[in-house]
Amino acid sequence: MIRAAKLEKVEPAPLVEQTLDDFEAIFDEMRKNHGSKSLVDGDDESKEVWEVIPYPSPSLGDAVHVGGLALGRVTQFHGIEGSGKTFLAMLMVRETLRRYPRAYVVWADAEQSFDKEWAKTLGIDLRRVKFIETNEAAEIFNQLCGKYNTTGKFIPGLVNYAVDKKIDIKLVVLDSIASLIVPAEAGRNFDEMEMGALPKFLKRAFSRTRPLLKQANCAFIAINQAREVLGYGANASSITYPGGKTWRHLIDFAIKLHPSSGADGKLEDEGGKVGHKIIATVEKNRAAPNIHQGEFWFNFYKGVVRVGEEVGVLAAAYGVVQRPNNISWVYKDQTFKGKEAFFTFLEENESIRTELLDAIKIAKANKIKRTATLSDEGTSQMDEKALFFNKD
């Protein structure tokens, strides 16, 4: 048996002050002469701050670590049919317009399925939502990022105008990746296929789009579909997504949504089912190293509901709320018998929910890791075969 050599920690050599001073002077001169914002000091704490649009679910905000949808970044919502991908994107449109009263949202409706009446029911101000209604991928990204005409003149796109501060766009939604018709496939017969056409296009498109999004401080949501690939052995019933590995490397956050299939996972009123519980797995995260999950409730006529339950579970997971036994929930000098009593108390007291969320932020800043908070069904969604973005 071959044993690995023991690694010893090597302390870095002390910096020589003269060398450090020389490099600082040269670095400052480089920034001045090149006019480049890409040269950044390693201890520049401003670069560690993520500006986000808060998710309506505290549990999902905690799972992505930064609390919400990151501006200047690309986030994918994916999952099976009926998992709430488009609905969550619509809720983020609502949150964006509420948070930025002067901003606009662009929705690229490649599926031609956006329901404006539903959007009005949710309280979305459609006067500040602009649509690109086509599934031709080139046209969508030309509208977003500009193009060159036949004479070589550059015609700006919507995000270009946002970069130049002529308009304020805070969110772009693409619904969906799977619906895109890329140029290599356009004009072909149904029996003619171009291998890898979509991944090649996405690489080129987002090589241009990503820098513009960062400069414009604009979030991008891409909606995608989960597809089951039948196979044998380790690859049996694995999950894949349109776009391939190229697309997986381009995005910053990948969130898989899965509706609860349990009998207690349905939300009903006197008219029947109005929503269900969602299990969200953050399968890729450029803001944190670990895979986390959130569990929350969708009401398709209102948005995220039963937030008191989410906050209570999170608070217990971070030790902000004490659990001396399986029945009691203790916060400060109050003891609640049974989770329903505690969750109802939180649902009725927004100020206490805010207080708990602030305490959770302090706990995270102090490097306190949350304990397992998942339901049995949530745990099953952490199955390694399902974590497509974690296989590389």
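Throughout, residue positions are numbered sequentially from 1 according to the sequence presented.
- The shortest non-hydrogen separation linking E310 to L60 is OE1-N, 4.4 Å.
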Chi angles and distances behind the side-chain contact (heavy atoms from CB on, under 4.5 Å) call for V305, L267
CA-CA 10 Å; V305 295; L267 194 63; 3.7 Å; yes
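- Of the possible donor and acceptor atoms, none in the side chain of N366 sits under 3.5 Å from a partner among the backbone N and O of A363.
- F131 and W107 have tilted rings, their planes meeting at an angle from 30° to 60° on a 0 to 90° scale.
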Please walk me through it: do Q76 and W247 pass side chain to side chain donor-acceptor pair (under 3.5 Å)?
CA-CA 10 Å; Q76 174 172 278; W247 173 239; 2.5 Å; yes
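- In this structure, W329 has its ring center under 6.0 Å from that of F342.
- Expressed to the nearest 0.5 Å, how far CG of D175 lies from CE of M90 amounts to 10.0 Å.
- K200 places no side-chain N or O within 3.5 Å of a backbone atom of A184 that could act as its donor or acceptor partner.
- Atom CD1 of I221 sits about 4.5 Å away from atom CG of L69, to the nearest 0.5 Å.
- Listed by chain and number, the residues in a ring pair (Phe, Tyr, Trp, His ring centres under 6.0 Å) with H65 amount to none (sequence neighbours excluded).
- Looking at heavy atoms from C-beta onward, E133 lies in side-chain contact with Q112 at the 4.5 angstrom threshold.
- Using a 4.5 Å heavy-atom cutoff, the side chains of C218 and K170 are not in contact.
- With a 4.5 Å cut-off on side-chain heavy atoms, V93 and L91 do not count as touching.
- Under a cutoff of 6.0 Å and an axis angle of 45°, K166 and Y161 do not form a cation-pi pair.
- Using a 4.5 Å cut-off on side-chain heavy atoms (C-beta onward), V173 and D109 make no contact.
- In this structure the side chain of L180 never reaches within 4.5 angstrom of the side chain of N135, judged on heavy atoms.
- Here K332 pairs with E355 in a salt bridge; the nearest charged N to carboxylate O distance falls below 4.0 Å.
- In E81, the CD atom is not crowded: 12 or fewer heavy atoms of neighbouring residues, nucleotides or ligands sit closer than 6.0 Å.
- We find that K277 and D264 are not joined by a salt bridge, their nearest charged nitrogen and carboxylate oxygen being 4.0 Å or further apart.
- The one candidate from Q322, R323, K339, K337 that meets the side-chain hydrogen bond (donor to acceptor under 3.5 Å, both in side chains) condition with S328 is K337.
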Checking V274 against Y301 for the side-chain contact (heavy atoms from CB on, under 4.5 Å) test, could you report, in this order, the C-alpha distance in whole Å, the side-chain angles of both residues, the deciding distance, and whether it holds?
CA-CA 7 Å; V274 294; Y301 298 95; 4.0 Å; yes
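- Side-chain atoms of I177 and I223, non-hydrogen and from C-beta on, never get closer than 4.5 Å to each other.
- A search for ring pair (Phe, Tyr, Trp, His ring centres under 6.0 Å) contacts involving F87 returns W118, F298, F300, not counting sequence neighbours.
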Between I251 and T75, does a side-chain contact (heavy atoms from CB on, under 4.5 Å) hold up when you go through it step by step?
CA-CA 6 Å; I251 59 181; T75 299; over 6 Å; no
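- Within the 4.5 Å cutoff, no side-chain heavy atoms of L356 are placed close to those of L314.
- Atom CD of E347 is surrounded by more than 12 heavy atoms from other residues, nucleotides or ligands within 6.0 Å.
- Counting only distance, with no hydrogens or angles, the side chain of R94 and the backbone of L122 share a donor-acceptor pair below 3.5 Å.
- In this structure, the ring pair (Phe, Tyr, Trp, His ring centres under 6.0 Å) partners of F141, at least two apart in sequence or on a different chain, are F201, F206.
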Between R370 and D62, does the salt bridge (charged side-chain N to carboxylate O under 4.0 Å, His left out) criterion hold? Intermediate values first, please.
CA-CA 10 Å; R370 76 180 194 184; D62 179 73; 2.7 Å; yes
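- A salt bridge does not link K32 with E29: none of the charged nitrogens is closer than 4.0 Å to a carboxylate oxygen.
- Between H258 and S83, the closest side-chain pair of non-hydrogen atoms is not below 4.5 Å.
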